[in-house]
Amino acid sequence: MVVTRIAPSPTGDPHVGTAYIALFNYAWARKNGGRFIVRIEDTDRTRYVPGAEERILAALRWLGLTYDEGPDVGGPHGPYRQSERLPLYKGHAEELLKRGWAYRAFETPEELEQIRKEKGGYDGRARNIPPEEAEERARRGEPHVIRLKVPRPGTTEVKDELRGVVVYDNQEIPDVVLLKSDGYPTYHLANVVDDHLMGVTDVIRAEEWLVSTPIHVLLYRAFGWEAPRFYHMPLLRNPDKTKISKRKSHTSLDWYKAEGFLPEALRNYLGLMGFSMPDGREIFTLEEFIQAFTWERVSLGGPVFDLEKLRWMNGKYLREVLSLEEVAERVKPFLREAGLSWESEAYLRRAVELMRPRFDTLKEFPEKARYLFTEDYPVSEKAKRALEEGLPLLRELYPRLEAQEEWSEAALEALLRGFAAEKGVKLGQVAQPLRAALTGSLETPGLFEILALLGKGRALSRLARVLS
RNA sequence: GGCCCCAUCGACUAGCGGUUAGGUCACCGCCCUUUCAAGGCGGCGGCGGGGGUUCGAAUCCCCCUGGGGUCACCA
């Protein structure tokens with residue numbers, strides 16, 4: 001049985017890195033017929049952001065990364081919110097105290113700051129407090145933390161499944177705080193206790209955790225538990241190669257959703273970060289990803305998150321992966337958001353069909369096809385110029401269009417081509433001004449298609465408007 | 001700075017001792033064409049450096065360089 005987990009902290013917007021790591025945890029669990037757990041690591045009361053948890057869970061579901069156990073779906077190892085498991089951590093910290101693997105430390109934050117400045121880090125001075133004295137001070141309610149008593153001298157072996165074994169000199173491993181003075185556990189304690197209690201077998205997390213893994217290995221040893229397998233995924237990067245951050249990249253999953261990126265495309269793109277299909281295919285479903293997934297195909301160089309390629313892929317999904325009906329459906333919230341409405345499902349579907357090769361995100365659809373949904377659309381400078389140049393031709397054309405009975409694409413094309421030939425001009429010389437008159441733009445789907453979709457009435461009234 | 005990880009086109013990557021070093025995005029050109037796209041075709045562009053090992057290294061080893069991470073009562 002393989003059990004994996006994603007352990008997000010509700011400290012802000014749902015993070016793209018969380019989705020990235022969740023994707024691999026999800027795939028590995030599914031691949032092995034195992035379970036995938038979501039656990040909320042809300043042990044920092046100062047950084048807690050209300051609503052963040054809900055948004056993170058919603059984002060995971062949006063991406064199709066459903067979980068078997070979690071704070072909102074329950075499970076046999078709950079609760080799945082660390083703030084609701086406080087007694088567990090306290091008990092385990094005390095167990096460590098009993099076993100001689102931890103000690104109480106009474107320094108204030110200010111003192112620690114001072115010690116850090118002088119010694120470069122905590123020097124373990126509280127190790128010297130006799131246990132009886134420490135217990136007595138704790139009983140009297142003196143504020144303190146519980147720290148890990150790293151055995152020194154000694155070494156600790158850490159095995160990362162993707163990189164092999166690294167031996168750490170325990171001298172390099174700090175006596176980290178396990179239980180804070182407010183009674184909350186730190187990540188180190190909580191993650192080990194919970195992973196063990198929840199039966200997590202494979203810890204798949206970001207590389208930033210690699211160097212703190214010896215602490216965790218020591219904790220498993222201290223408790224006498226079997227350690228899970230560790231896999232550290234490369235960090236997503238900003239264009240300048242530093243760890244992806246809010247300041248330099250878009251990290252909020254809500255942003256991607258609001259911008260009109262498809263969950264399928266984002267998920268697919270994330271699957272390309274550090275992983276590649278054996279046949280080089282870049283467009284693949286979640287199922288195909290799970291099917292093909294193997295650690296041997298994971299590369300360790302930190303991948304730069306390329307928004308341009310994501311955009312390309314999103315467009316690819318829009319025009320080649322999703323059905324026309326599906327795209328029409330997904331575009332609706334963005335149309336509404338833009339204050340636009342559509343006269344019928346058929347009209348919308350046709351509009352989407354014509355625009356399909358011309359927009360890469362859902363949000364771009366109402367922006368680029370506004371003239372198909374309202375009379376209140378902008379007119380570009382280029383369009384104004386084309387219009388001016390073609391005004392005489394358009395004046396002559398108007399009555400012909402007015403007289404046109406069959407308003408089909410083929411019939412309109414015949415009319416326009418005939419008109420151009422008759423005037424001895426290229427089709428474009430007529431088409432461009434007319435396009436400008438009907439759409440306010442020089443970048444639109446085919447003119448005949450536009451004409452037909454708008455319908456005779458609207459087409460003529462727009463033309464009349466610019467002619468007057 | 002100490003420790004740890006990593007290293008193929010600008011970006012994502014294939015490669016796992018013998019390849020004209022392949023694909024994708026971006027960029028450039030051509031084709032298609034009523035515009036813009038999309039699409040098709042073509043092009044530009046890479047094994048960081050130095051030592052080894054080997055008949056033979058992008059592939060294995062070492063050093064250097066470079067990049068990243070981490071050194072909190074944050075995760």
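Order of the sequence lines sets the chain letters (A, B, ...), proteins ahead of strands, with each chain counted from 1.
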side-chain N/O [X] vs [N] OP1/OP2, d < 4.0 Å:
X	N	value
K117(A)	A72(B)	no
R417(A)	U34(B)	yes
K243(A)	G67(B)	no

On a whole-Å scale, what distance lies between the [atom1] atoms belonging to [N] and [M]?
N	M	atom1	answer
A72(B)	A14(B)	P	35 Å
U8(B)	U19(B)	C1'	14 Å
U20(B)	A26(B)	C1'	25 Å
U13(B)	A58(B)	C1'	14 Å
C27(B)	C44(B)	C1'	8 Å
C74(B)	C36(B)	C1'	49 Å
G45(B)	C61(B)	C1'	31 Å
A57(B)	G18(B)	P	11 Å

Rounded to the nearest angstrom, tell me the gap between atom [atom1] in [X] and atom [atom2] in [N].
X	N	atom1	atom2	result
L189(A)	C73(B)	CG	P	14 Å
W209(A)	G68(B)	CH2	C1'	17 Å
L394(A)	U34(B)	CG	C1'	13 Å
N314(A)	C25(B)	CG	C1'	14 Å
L270(A)	U24(B)	CG	P	22 Å
I115(A)	A72(B)	CD1	P	12 Å
N238(A)	G67(B)	CG	P	16 Å

Could I get the full list of ring-ring contact (aromatic ring centres under 6.0 Å, His included) partners for [X], not counting sequence neighbours?
X	answer
F293(A)	F24(A), F275(A), F289(A), W295(A)
F305(A)	Y256(A), Y269(A)
Y67(A)	none

Which nucleotide in the set [options] lies at the smallest distance from any side-chain heavy atom of [X]?
X	options	result
R319(A)	A75(B), U34(B), A38(B)	A38(B)
T186(A)	U35(B), A26(B), A75(B)	A75(B)
R435(A)	U34(B), C16(B), A38(B)	U34(B)
R47(A)	U35(B), A75(B), U70(B)	A75(B)

message: Please list, in numerical order, the residues of residues 348-368 of chain A that have a heavy atom closer than 4.0 Å to any atom of RNA chain B.
response: P357(A), R358(A)
Mind checking [X] for me? I need base, sugar-phosphate or nothing, with any heavy atom below 4.0 Å counting as a touch.
X	value
L112(A)	base
R116(A)	sugar-phosphate
S181(A)	base
T43(A)	sugar-phosphate
K316(A)	sugar-phosphate
P8(A)	nothing
R281(A)	nothing
E413(A)	nothing
P185(A)	sugar-phosphate
T46(A)	nothing

For [N], give the paired nucleotide (Watson-Crick: N1-N3 plus N6-O4 or O6-N4; G-U: N1-O2 and O6-N3; both under 3.5 Å), or none.
N	result
G2(B)	U70(B)
G45(B)	none
G39(B)	C31(B)
U59(B)	none

- request: Using the ring of F106(A) (Phe, Tyr or Trp, six-membered ring only), decide whether R137(A) places NZ or CZ under 6.0 Å from its centre and within 45 degrees of its axis.
  value: yes
query: Within 45° of the axis and under 6.0 Å from the centre of the six-membered ring of Y122(A), does NZ or CZ of R147(A) qualify?
result: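 Yes, cation above the ring, under 6.0 Å and within 45°.
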Those residues that, when tested against [X], pass salt bridge (Lys or Arg N to Asp or Glu O under 4.0 Å) (two or more places apart):
X	value
D123(A)	K119(A), R125(A)
E113(A)	R116(A)
R330(A)	E264(A), E326(A)

query: Taking only residues at least two apart or on different chains, which pairs with a member in residues 439-452 of chain A satisfy side-chain hydrogen bond (donor to acceptor under 3.5 Å, both in side chains)?
result: R435(A)-T444(A)
- line: Residue pairs meeting side-chain hydrogen bond (donor to acceptor under 3.5 Å, both in side chains), one or both in residues 299-312 of chain A, sequence neighbours left out, come to E282(A)-K309(A), R311(A)-E364(A)
RNA chain B: 5'-proximal contact among T444(A) and D240(A) (nearest heavy atom):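 The residue closer to the strand's 5' end, by nearest nucleotide, is T444(A).
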N/O donor to acceptor pairs below 3.5 angstrom from side-chain atoms of residues 411-424 of chain A, sequence neighbours left out:
unit_1	atom_1	unit_2	atom_2	d
E413(A)	OE2	R417(A)	NE	2.8
E413(A)	OE2	R417(A)	NH2	3.0
E422(A)	OE1	R400(A)	NH1	3.1
E422(A)	OE1	R400(A)	NH2	3.4
E422(A)	OE2	R400(A)	NH2	2.6
K423(A)	NZ	E396(A)	OE1	2.5

query: With a 3.5 Å cut-off and no angle check, do the side chains of N314(A) and T361(A) form a donor-acceptor pair?
result: no
message: Please determine whether a side-chain nitrogen of the Lys or Arg among R281(A) and D279(A) lies less than 4.0 Å from a carboxylate oxygen of the Asp or Glu.
response: yes
message: Salt bridge check, R81(A) against D42(A): does any charged N sit closer than 4.0 Å to a carboxylate O?
response: no
Pairs under 3.5 angstrom, nitrogen or oxygen only, protein versus nucleotides 57-59 of chain B, please.
none

task: Summarise how protein sits on nucleotides 4-13 of chain B as a single string, 5' to 3': B when a protein heavy atom is under 4.0 Å from the base, S for sugar-phosphate-only contact, - for no contact.
output: SBS----SBS
query: When the ring planes of H216(A) and W209(A) are compared, do they come out parallel, tilted or perpendicular, using 30° and 60° as the limits?
result: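 H216(A) and W209(A): tilted rings.
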